[in-house]
Amino acid sequence: MFGLFRGKKRKIESWEMALLRNTIKQLPADYQYLEPQIIEELLRASYIGYDKLVPEFVGFFKNSDMIDKFENRKEKGYKIKGVKIYDKKNNKQLDYTIYVFEGVIGGYSIKGSKKFDIDVNQVDISSFSKTFIDNQDFNKLSKFLSAEELEMLDPGDVYEVLLKGKLYYHLCDLEDGDFMGIDTDKVLYKITHDPFEIIPVNIDLAQVLSNN
């Protein structure tokens with residue numbers, strides 16, 4: 001997963017879903033399982049957050065009532081890259097990447113221009129490729145968590161977050177962009193977005209994960 005603090009929830013634009021769907025339709029049959037997630041409106045809102053490697057990343061909040069239908073926690077995260085889309089504003093092609101985590105569309109990125117007007121019908125997948133995402137942030141937890149504690153975690157949920165100059169690890173989502181985090185001293189925190197607060201919680205890791 002990406003080391004970002006989720007930004008404020010915003011409405012998904014119609015062009016974002018149209019572009020996703022038009023791209024997936026052109027991909028081989030192995031990727032067609034992603035289209036129903038769009039049709040059935042699993043993706044209910046989006047956010048823009050800062051990531052040290054992918055600052056253009058746009059993520060999706062999911063409909064919690066539907067996530068179990070689509071999620072496959074055994075499936076390794078991957079990205080569909082090498083897709084070219086057409087920017088009408090600058091009259092050029094841009095790089096489009098789709099990110100999939102545990103079988104669910106997690107977000108996308110568009111590189112090549114900060115301001116654009118995408119023609120959702122001009123999608124070129126002739127050079128697309130699939131690349132698996134190795135979660136190095138999860139591997140770092142082995143320095144201060146036991147093997148038993150690591151076993152309770154979902155690697156796809158773990159990523160670094162730098163807040164007020166201190167490093168935390170995202171462990172699991174709560175509601176509306178809030179989440180549970182942990183620091184390298186094994187102190188657990190509830191981190192809220194609105195208002196922004198980092199609140200230490202006096203419970204053990206097993207209790208946190210059993211409730212989410």
Side-chain angles (χ1 to χ4, degrees), residues 1-21 23-24 31-51 54 57-80 97-109 133 135 137-138 141 149-161 163 168-182 188-201 203-212:
M1 191 55 182
F2 294 92
L4 53 86
F5 180 58
R6 293 181 172 184
K8 187 174 182 179
K9 184 190 299 183
R10 67 178 179 86
K11 183 179 179 181
I12 293 177
E13 301 288 342
S14 59
W15 70 266
E16 293 176 288
M17 293 297 95
L19 180 60
L20 267 176
R21 193 172 180 186
T23 302
I24 292 167
Y31 300 91
Q32 296 309 306
Y33 76 95
L34 297 171
E35 188 178 9
Q37 299 176 17
I38 303 169
I39 297 172
E40 299 182 37
E41 299 183 347
L42 171 66
L43 313 177
R44 64 182 179 88
S46 64
Y47 62 89
I48 300 175
Y50 171 77
D51 179 80
V54 191
F57 181 75
V58 177
F60 294 119
F61 289 103
K62 317 301 188 303
N63 185 333
S64 59
D65 294 332
M66 300 174 62
I67 190 66
D68 289 342
K69 178 179 179 180
F70 298 101
E71 190 176 59
N72 178 4
R73 295 201 167 192
K74 294 182 179 180
E75 183 170 333
K76 189 173 182 181
Y78 65 90
K79 54 186 176 181
I80 301 166
T97 301
I98 300 172
Y99 300 83
V100 180
F101 305 107
E102 298 177 344
V104 174
I105 299 169
Y108 71 88
S109 65
I133 300 171
N135 191 343
D137 293 340
F138 177 78
L141 293 181
E149 289 170 326
L150 290 171
E151 184 67 24
M152 291 187 292
L153 291 169
D154 182 346
D157 288 340
V158 176
Y159 53 89
E160 290 183 346
V161 185
L163 301 173
Y168 302 87
Y169 289 88
H170 174 288
L171 298 181
C172 59
D173 288 327
L174 299 174
E175 296 180 352
D176 295 328
D178 299 343
F179 64 91
M180 295 299 300
I182 192 171
L188 291 166
Y189 300 86
K190 179 180 179 181
I191 300 174
T192 63
H193 175 76
D194 188 15
F196 173 56
E197 293 181 315
I198 304 172
I199 307 166
V201 291
I203 54 178
D204 61 35
L205 183 59
Q207 185 177 349
V208 169
L209 298 177
S210 64
N211 292 330
N212 290 277

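Heavy-atom basis, side chains included; hydrogens, waters and symmetry copies ignored.
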message: Once rounded to the nearest 0.5 Å, what's the spacing between atom CD1 of Ile105 and atom CZ of Phe70?
response: 9.5 Å
message: Between Ile12 and Met17, does the side chain to side chain contact (heavy atoms under 4.5 Å, CB included) criterion hold? Intermediate values first, please.
response: CA-CA 8 Å; Ile12 293 177; Met17 293 297 95; 3.7 Å; yes
- prompt: Does a side-chain heavy-atom distance below 4.5 Å link Val100 with Tyr33?
  reply: yes
- request: Run through Leu20, Leu42, Ile67 and flag the one making a side chain to side chain contact (heavy atoms under 4.5 Å, CB included) with Gln37.
  value: Leu42
- request: Take the angle between the ring planes of Phe57 and Phe101 and call it parallel below 30°, perpendicular above 60°, tilted in between.
  value: perpendicular
message: With a 4.0 Å cut-off on N to O distance, would you call Lys69 and Glu40 a salt bridge?
response: yes
Working for side chain to side chain contact (heavy atoms under 4.5 Å, CB included), residues Tyr108 and Leu19: CA-CA 10 Å; Tyr108 71 88; Leu19 180 60; 5.9 Å; no
field: Test: Lys62 and Glu102 ion pair at under 4.0 Å
entry: no
- line: To the nearest 0.5 Å, atom CD1 of Ile38 lies from atom OG1 of Thr23 at 8.5 Å
task: Taking all heavy atoms of Tyr159 and all of Asp137, pick out the closest pair and write down the distance.
output: CA-OD2, 3.5 Å
query: With no hydrogens and no angle check, is any side-chain donor or acceptor of Thr97 less than 3.5 Å from a backbone partner on Ser109?
result: no
query: Taking it one step at a time, do Leu34 and Ile98 satisfy side chain to side chain contact (heavy atoms under 4.5 Å, CB included)?
result: CA-CA 11 Å; Leu34 297 171; Ile98 300 172; 5.5 Å; no
query: What closest approach, in Å, do Ser46 and Phe60 show between heavy atoms, and which atom pair accounts for it?
result: CB-CD2, 3.9 Å
field: Partners passing side-chain contact (heavy atoms from CB on, under 4.5 Å) against Ala18 (at least two apart in sequence or in another chain)
entry: Val120
- request: Kindly indicate whether the side chain of Met180, heavy atoms from C-beta on, has any atom under 4.5 Å from the side chain of Ile191.
  value: no
Min side-chain heavy-atom separation Val58-Glu16 under 4.5 Å: yes
message: I need the minimum non-hydrogen distance between Tyr189 and Val201, along with the two atoms involved.
response: N-CG2, 4.0 Å
query: CG of Leu163 to CD of Glu197: how many Å apart, nearest 0.5 Å?
result: 13.0 Å
query: Checking Glu35 side chain against Arg21 main chain: does a donor-acceptor pair fall under 3.5 Å?
result: no
